[in-house]
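This report concerns only the one structure given below.
Per chain, numbering begins at 1; letters A, B, ... match sequence-line order. All values derive from a computational prediction rather than experimental measurement.
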2 protein chains.
Amino acid sequence: MSVYKVANMADITGLTPHTLRYYEKELLLLDVPRDSSGHRYYSEDHLAAVKFISALRATNMSIGTIKEYISLYRQGSNTSPARMSILKDHEHLVMKHLEDVKSSLKMIRKKIQRYEASLRVMP
Amino acid sequence: MSVYKVANMADITGLTPHTLRYYEKELLLLDVPRDSSGHRYYSEDHLAAVKFISALRATNMSIGTIKEYISLYRQGSNTSPARMSILKDHEHLVMKHLEDVKSSLKMIRKKIQRYEASLRVMP
DNA sequence: ACTTGACTTAGAGCGTACTCTAACACGCAT
DNA sequence: ATGCGTGTTAGAGTACGCTCTAAGTCAAGT
């Protein structure tokens with residue numbers, strides 16, 4: 001298969017049709033064509049784009065920043081350095097986030113261990 | 001030092017006084033005493049509690065779940081198993097989240113590498 | 001011909017976690 | 001005594017990212 005209806009995309013990506021249309025309205029998805037009755041159909045390229053957008057969202061990039069990235073993409077290949085810079089900045093934020101979460105997780109595990117110790121003594 | 005005013009707590013924890021009062025209103029913080037003019041003062045125990053709550057929030061535990069955890073705490077030491085279970089469930093969610101973020105980060109890094117490759121060839 | 005189901009739109013509504021406002025109170029320094 | 005800084009409250013407002021509603025269109029199956 002190489003073109004998808006909105007429900008197919010939803011199944012594959014785990015997003016809802018509502019969210020896919022919302023992304024399009026917010027200009028995260030460009031040039032989604034329509035069939036004769038006005039229904040969207042998506043290509044493999046759209047699918048790859050949605051998957052990439054999902055990776056950005058899963059790492060908490062805001063819709064606004066993704067929009068900015070896509071807008072640069074739309075402006076042509078001379079914006080590559082700017083787009084790369086957005087991604088690199090984001091990479092650093094994500095690494096920082098991973099460290100934060102790991103250190104919070106350590107704290108939570110310590111607490112769990114204290115529960116385990118106290119329940120061993122006095123269960 | 002061993003007691004803190006709201007602004008001290010804010011400085012130490014990185015939260016705002018507004019947020020500290022909000023946490024108290026939401027019953028995440030219990031029994032914050034007041035001085036003669038009605039101003040809150042916090043103990044080391046409160047500080048430790050806020051730090052722990054911040055670790056839970058940093059790992060995206062909802063205010064509602066934290067409230068539930070604190071409510072169990074308030075109900076006495078026989079709720080320890082239930083509290084531990086909340087933390088263990090959360091630990092698994094956080095581990096899952098870390099895996100998700102790492103795999104999204106890999107995808108983002110691949111994209112960055114493609115930008116780097118293309119800018120090496122055609123800068 | 002009619003129902004069903006999948007789609008369309010603009011725009012409203014929602015959940016979460018803050019974040020701020022407005023009006024007021026207190027204690028200390030000028 | 002007056003102003004300033006820091007605190008108090010209830011409740012309103014905000015930002016974000018969806019999520020849903022209502023009314024309608026279309027194509028295919030019975």
Using atom [atom1] of [X] as one end and atom [atom2] of [N] as the other, report the distance to the nearest whole Å.
X: Leu20(A); N: dC7(C); atom1: CG; atom2: C1'; result: 13 Å
X: Lys5(B); N: dC26(C); atom1: NZ; atom2: P; result: 17 Å
X: Lys25(A); N: dC20(D); atom1: NZ; atom2: P; result: 14 Å
X: Asp11(B); N: dT6(D); atom1: CG; atom2: P; result: 11 Å
X: Tyr42(B); N: dG7(D); atom1: OH; atom2: C1'; result: 11 Å
X: Glu26(B); N: dT9(D); atom1: CD; atom2: C1'; result: 15 Å
X: Leu15(A); N: dT19(D); atom1: CG; atom2: P; result: 9 Å

Modelled atom types, side-chain donor and acceptor of Ser80(A) and Ser77(A), under 3.5 Å:
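Ser77(A) and Ser80(A) do not have a side-chain donor-acceptor pair below 3.5 Å.
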
We want to know whether Arg83(A) and Tyr73(A) form a side-chain donor-acceptor pair, criterion being a heavy-atom distance below 3.5 angstrom.
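No pair is found: no donor N or O on one side chain lies under 3.5 Å from an acceptor on the other.
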
For the side chain of [X], counting heavy atoms from C-beta on, which of [options] is nearest?
X: His18(B); options: dC20(C), dT8(C), dG7(D); answer: dC20(C)
X: Ser37(B); options: dC18(C), dT8(C), dC26(C); answer: dC26(C)
X: Tyr22(A); options: dC18(D), dT8(C), dT8(D); answer: dC18(D)
X: Arg40(B); options: dT8(D), dG27(C), dT9(C); answer: dT8(D)
X: Arg34(A); options: dA27(D), dG27(C), dT9(C); answer: dT9(C)

Have a look at Tyr41(B) and say if it touches a base, only the backbone sugar-phosphate, or nothing, with a 4.0 Å heavy-atom cut-off.
nothing

Could you tell me whether Arg21(B) contacts a base, only the sugar-phosphate backbone, or nothing, with contacts defined as non-hydrogen atoms closer than 4.0 Å?
base

Ignoring hydrogens and angles, tell me if any N or O in the side chain of Thr59(A) forms a donor-acceptor pair with the backbone of Ala55(A) under 3.5 Å.
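It does hold such a pair.
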
Does a salt bridge link Arg34(A) with Glu24(A), judged by any charged N lying under 4.0 Å from a carboxylate O?
yes

If you measure from the Lys or Arg side-chain nitrogens to the Asp or Glu carboxylate oxygens, is any gap between Glu99(A) and Lys96(A) under 4.0 Å?
no

Can you tell me how the ring of Phe52(B) sits relative to the ring of Tyr69(B), calling it parallel under 30°, perpendicular over 60° and tilted otherwise?
tilted

With a 4.0 Å cutoff (strictly under), does any side-chain N or O of Tyr23(B) reach OP1 or OP2 of dA17(C)?
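Checking dA17(C) against Tyr23(B), no side-chain N or O comes under 4.0 Å of OP1 or OP2.
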
Enumerate the residues from residues 49-67 of chain B whose closest heavy atom to DNA chain C is under 4.0 Å, giving them by residue number; use none for an empty result.
Arg57(B), Ser62(B), Ile63(B)

Provide the full list of side chain to side chain donor-acceptor pair (under 3.5 Å) pairs with a residue in residues 9-20 of chain B, sequence neighbours left out, each pair given once.
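Listed by first then second residue: Thr16(B)-Thr19(B).
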
